[in-house]
Protein chains: 2
Amino acid sequence: MQSVDKVVEKFKKSGLKITSQRIAIFSLLQEARNHPSAEDVYQEILKAYPTTSFTTVYKTLQILRDLGEIQELTLDKTRARYDPDVSEHIHTLCEHCGALADLHWSDFIMNNVRFYGSEKANFEVHRVQIYLIGICRKCRMKKWGLQE
Amino acid sequence: MQSVDKVVEKFKKSGLKITSQRIAIFSLLQEARNHPSAEDVYQEILKAYPTTSFTTVYKTLQILRDLGEIQELTLDKTRARYDPDVSEHIHTLCEHCGALADLHWSDFIMNNVRFYGSEKANFEVHRVQIYLIGICRKCRMKKWGLQE
DNA sequence: GTTGGTGCAAATAGTTTGCACAGTT
DNA sequence: AACTGTGCAAACTATTTGCACCAAC
């Protein structure tokens, strides 16, 4: 996701209006590193703007997604989760604690996969999603009774 | 998924019972190449066994998943889809027609990704899921007005 | 003033569960 | 006979929509 200012510009250019709720949502997502669900974003926004509704959060997330400012992750079967980092990167999902995390510096792999799909499979690749499902470092340490 | 006979054996060994409905579900999945949803399986089973209920299909799919005989794909936000091929392979999702397809001979890539996660990210990888989202060959041909 | 946004409440859709009866072992 | 499976209906949960009022432009 671009800076709040740029997103505001983008909204205006598209004929969309800027409200205090939307600014709050933009700002929150800007900082978010935990891949929040719509409900998560809503709960967080409530703290600062107790009058905001879930519907508003939901609709704004939709728009941001459609504008390509955030990406929707669907690995979690129960709820969609959002990532303000739209660059292609691998996600890890811990089966123990449910944490969804980013795996940076995975460009090489992502490019390989993309190439593979385009060249070998004759598929017009728009997006690549890679998920590693397993146990994160934290949970592994706990399992062995070690401190972090 | 293993052969129907082997799955039957596995069920019996686990103290689970074999019914005509379950045999029908096993057989159907054996042949399925279209990554059916629970509803898809149900509709198909109905043709041969009009008395079968959705609940039965649903519960049997759960068991098969838990036994590791089929894998649950969650890319499709609206419904879970099931793949009797539990080997790791890349899936493609066409944004146009919604088709979810397998990409075979992707072992090299899958192994690379797995290695990357384990070695570079210190993440205990249990499963890898890779999705390519874009436009399939069929829809691309149509777009250009070409025959298949 | 026009147009789009907000927020409530209700509709929708897939998933999941409780329970009485039936079938498998 | 004991125990699991089946199938109906209902509960649940996240998502999505209709609509009246409000706010940005």
Side-chain angles (χ1 to χ4, degrees), chain A residues 4-5 7-26 28 35-46 48-67 70 72-82 98 100, chain B residues 4-5 7-26 28 35-67 69-70 72-82 98 100:
Chain A
V4 173
D5 285 356
V7 175
V8 166
E9 271 320 297
K10 202 168 183 179
F11 264 58
K12 287 190 175 171
K13 273 183 191 159
S14 308
L16 297 165
K17 291 170 181 170
I18 297 303
T19 62
S20 56
Q21 292 94 329
R22 285 186 169 174
I23 295 282
I25 295 168
F26 298 168
L28 181 91
H35 306 81
S37 63
E39 181 68 28
D40 292 337
V41 173
Y42 171 56
Q43 290 300 335
E44 207 53 42
I45 294 290
L46 271 190
Y49 295 79
T51 61
T52 312
S53 74
F54 177 80
T55 307
T56 297
V57 171
Y58 171 77
K59 284 181 179 164
T60 302
L61 286 172
Q62 300 258 76
I63 295 170
L64 285 168
R65 180 199 58 195
D66 295 343
L67 290 177
I70 59 178
E72 193 174 58
L73 304 175
T74 55
L75 185 66
D76 187 336
K77 210 177 52 171
T78 60
R79 65 219 321 167
R81 295 174 66 166
Y82 298 89
L100 193 56
Chain B
V4 173
D5 285 356
V7 176
V8 166
E9 272 319 297
K10 203 170 182 177
F11 265 57
K12 287 189 175 171
K13 273 184 192 159
S14 309
L16 297 165
K17 291 172 181 167
I18 298 303
T19 61
S20 56
Q21 291 94 329
R22 284 186 171 173
I23 295 281
I25 295 169
F26 298 167
L28 180 91
H35 306 81
S37 64
E39 182 67 26
D40 292 338
V41 174
Y42 171 56
Q43 290 300 335
E44 205 54 41
I45 294 289
L46 271 190
K47 295 181 187 170
Y49 296 79
T51 62
T52 312
S53 73
F54 177 80
T55 308
T56 297
V57 171
Y58 172 77
K59 285 181 179 165
T60 301
L61 286 171
Q62 300 258 76
I63 295 170
L64 285 167
R65 180 198 59 195
D66 294 343
L67 292 177
E69 290 294 327
I70 59 177
E72 193 174 59
L73 304 176
T74 55
L75 185 66
D76 186 337
K77 209 176 52 172
T78 59
R79 67 221 318 171
R81 295 175 67 165
Y82 299 90
L100 193 55

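Here is the naming used below: chain letters follow the sequence lines, and residue numbers restart at 1 for every chain.
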[X] [atom1] to [N] [atom2], straight-line distance once rounded to whole Å:
X: B/I45; N: D/dT6; atom1: CD1; atom2: C1'; value: 14 Å
X: A/F11; N: D/dA23; atom1: CZ; atom2: C1'; value: 16 Å
X: A/L46; N: C/dT6; atom1: CG; atom2: C1'; value: 14 Å
X: A/R79; N: C/dG14; atom1: CZ; atom2: P; value: 19 Å
X: B/F26; N: D/dG5; atom1: CZ; atom2: C1'; value: 12 Å
X: A/D76; N: D/dA14; atom1: CG; atom2: P; value: 10 Å
X: B/F54; N: C/dT17; atom1: CZ; atom2: C1'; value: 13 Å
X: B/I63; N: D/dG5; atom1: CD1; atom2: C1'; value: 9 Å

So, OP1 or OP2 of [N]: does either fall under 4.0 Å of a side-chain N or O from [X]?
X: A/T56; N: C/dG7; result: yes
X: B/T51; N: D/dG7; result: yes
X: A/S53; N: C/dG7; result: yes
X: B/K77; N: D/dT16; result: yes
X: A/Q21; N: C/dG7; result: yes
X: A/R22; N: C/dT6; result: yes
X: B/Y58; N: C/dT16; result: yes

Please classify the nucleic acid contact of [X] as base, sugar-phosphate, or nothing, using heavy-atom distances under 4.0 Å.
X: B/T19; answer: sugar-phosphate
X: B/K12; answer: sugar-phosphate
X: A/T78; answer: sugar-phosphate

Does A/K59 get its side chain close enough to the base of C/dG7, under 3.5 Å, for a donor-acceptor pair?
yes
Are the aromatic ring centres of A/F11 and A/F26 under 6.0 angstrom apart?
yes
Shortest side-chain distance from B/T55, nucleotide among D/dC8, D/dT4, D/dG18:
D/dC8
N/O donor-acceptor pair under 3.5 Å between [X] side chain and [Y] backbone:
X: B/T60; Y: B/T56; value: yes
X: A/H35; Y: A/Y82; value: no
X: A/R81; Y: A/D76; value: no

Sorted by position of nearest nucleotide on DNA chain D, 5' first, the leading residue of B/Y42 and B/I18 is B/I18
Looking at B/E69 and B/K10, is any side-chain nitrogen of the basic one under 4.0 Å from a carboxylate oxygen of the acidic one?
yes
Carboxylate-amine/guanidinium contact A/E72 B/K77, below 4.0 Å:
yes
Let me spell it out: for each of B/A80 and A/T52, pick the nucleotide of DNA chain C with the closest heavy atom. Which residue's pick is nearer the 5' end?
A/T52
